[in-house]
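The structure appears below as structure tokens.
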Number of protein chains: 2
Amino acid sequence: MPQKKTTPPDATPAGRLVEARLHHVLGYQLAQATIATTVVYMNEVGEPFELRPVEYTILSLINENPDGSSAQLAQALAVTAPNITMWIDKLEGRGLVQRTRNETDKRAQHLRLTPKGTALVVQATEKLLVGEREALSHLSDGERTILIELLHKVARNRPGKK
Amino acid sequence: MPQKKTTPPDATPAGRLVEARLHHVLGYQLAQATIATTVVYMNEVGEPFELRPVEYTILSLINENPDGSSAQLAQALAVTAPNITMWIDKLEGRGLVQRTRNETDKRAQHLRLTPKGTALVVQATEKLLVGEREALSHLSDGERTILIELLHKVARNRPGKK
DNA sequence: TATTGTTATACTCTATAACTATA
DNA sequence: TATAGTTATAGAGTATAACAATA
């Protein structure tokens, strides 16, 4: 396999491929960074807790927004309603989430974590934060903070679907 | 639907859900930001060119690394080899990519864009850059640059799979 | 034996449409 | 009529295993 000895200035982390124009495409850099955080997630939370990324996020959002609706979750995660139903089914089946009927509007429902679910989320989040901090030790605290805030700023004015 | 009128300081862009601890999980912020860039991608490139994100990235990487191998692509994109084969099949079928036999190592192959493929990538990238710039107009030039560089830094020392 | 790339196949995840029960 | 949530179903995407050809 022909492989240059000298690594060019712009290279993908693992593939050693030049990425001149692509470098400035935010979506591409997000995808590349996500590969790194996904590895951390799988090692720290995904495999040990048998929890998919979506499941973890759903649990976290329910935890921090008790009695929210599944419609809110669907919008926050940009997934369809049937999808949310399926995931909540799974999480409820594992005794992590509880559905309760909304008494003022009987179509809707409140979502809440069980004590087991709460314990799991807290533990998972701690492991994640520690794991990410280790994996990103080549970034300073300031850089990590700025990165988080800039990403949040990008996400905040999320455009409409079209 | 019970909905607070005042938006809390930390909220998901669309779902208006609080995200206190989750806020500091990089993987979560990456996913949220990706929702925003995906909308831009689909509008600017995905739908008009009928090109999936992976396909666009593959074309871009081939364009900027002529005669690279599919094994390199697989590693750069963190996808499996059979997957790459499938995508290259599709792209070759559309006359965008060309496979050529490596004469020194007959197992391997060189990947190259056709003129049609090159034209498409260039055009798509321009549209993407403009579209992202518009969608992210609430970020300054400096902020966008910093964001890109920090993401690149995260991706650069991507950890191994385990 | 190891590696590049492919084929075959099954599985996960997601999306669309149609349904229910409330409003 | 419209909305919250569900069910049913099909499709997209991905991974694993087994294989062929070459090193």
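So you know, we letter chains A, B, ... as the sequences are listed, proteins then strands, and number each from 1. No hydrogens, no waters, no symmetry mates; every other heavy atom, side chains included, goes into these values.
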Student check: side-chain heavy atoms of A:R101 and A:R107 closer than 4.5 Å | no
OP1, OP2 of C:dC13 versus side-chain N and O of A:W87: anything below 4.0 Å? no
Separation of D:dG13 atom C1' from B:I58 atom CD1, nearest Å, is 12 Å
Here the distance between atom P of C:dT4 and atom CG of B:L111, to the nearest Å, is 13 Å
note: A:L73, atom CG; C:dT14, atom P; distance rounded to Å ~ 14 Å
request  = Determine, for B:K153 against A:E143, whether the closest basic-nitrogen to carboxylate-oxygen distance falls under 4.0 angstrom.
outcome  = yes
Whole-Å distance, B:I84 CD1 to D:dG13 C1', equals 13 Å
Check: Below 4.0 angstrom from OP1 or OP2 of C:dT12, is there any side-chain N or O of A:R52?
Finding: no
Tell me whether A:I58 shares a hydrophobic cluster with B:L30, the cluster being built from Ile, Leu, Val, Met, Phe, Trp, Tyr side chains joined at under 4.5 Å. no
Quick note, A:M86 side chain, CB onward, closest among D:dT14, C:dT14, D:dA4 is C:dT14
Looking only at D:dA15, D:dG13, C:dT6, the nucleotide nearest the B:A81 side chain is C:dT6
Original post:
Are A:T37 and B:Y28 close enough that a side-chain donor and a side-chain acceptor fall under 3.5 Å?
Top reply: no
B:Q72 side chain N/O closer than 4.0 Å to the phosphate oxygens (OP1, OP2) of C:dT4? no
Each nucleotide of nucleotides 18-23 of chain C classed B (base within 4.0 Å of a protein heavy atom), S (only sugar-phosphate) or -, in 5' to 3' order, makes ---BBS
In whole angstroms, the gap separating P of C:dC13 from CG of A:L77 amounts to 15 Å
OG (B:S70) and CD1 (B:I84) are apart, to the nearest 0.5 Å, by 7.0 Å
Between CD of B:Q109 and C1' of D:dA20 the distance, given in whole Å, is 14 Å
Base, sugar-phosphate, or nothing: which does B:T85 touch, judged by heavy atoms less than 4.0 Å apart?
base
Salt bridge between A:E92 and A:R99, side-chain N to carboxylate O under 4.0 Å?
yes
B:E92 atom CD is separated from C:dT6 atom P, nearest whole Å, by 9 Å
Per nearest nucleotide of DNA chain C, the residue lying toward the 5' end, B:I88 or A:N83, is B:I88
note: B:L91, atom CG; D:dG13, atom C1'; distance rounded to Å ~ 15 Å
Of D:dT14, D:dG5, D:dT7, the nucleotide closest to the side chain of A:D89 is D:dT7
Review point. Any side-chain heavy atom of A:E149 within less than 4.5 Å of one from B:Q29?
Key: no
Please confirm whether the shortest side-chain N or O distance from B:T80 to OP1 or OP2 of D:dT14 is below 4.0 Å. no
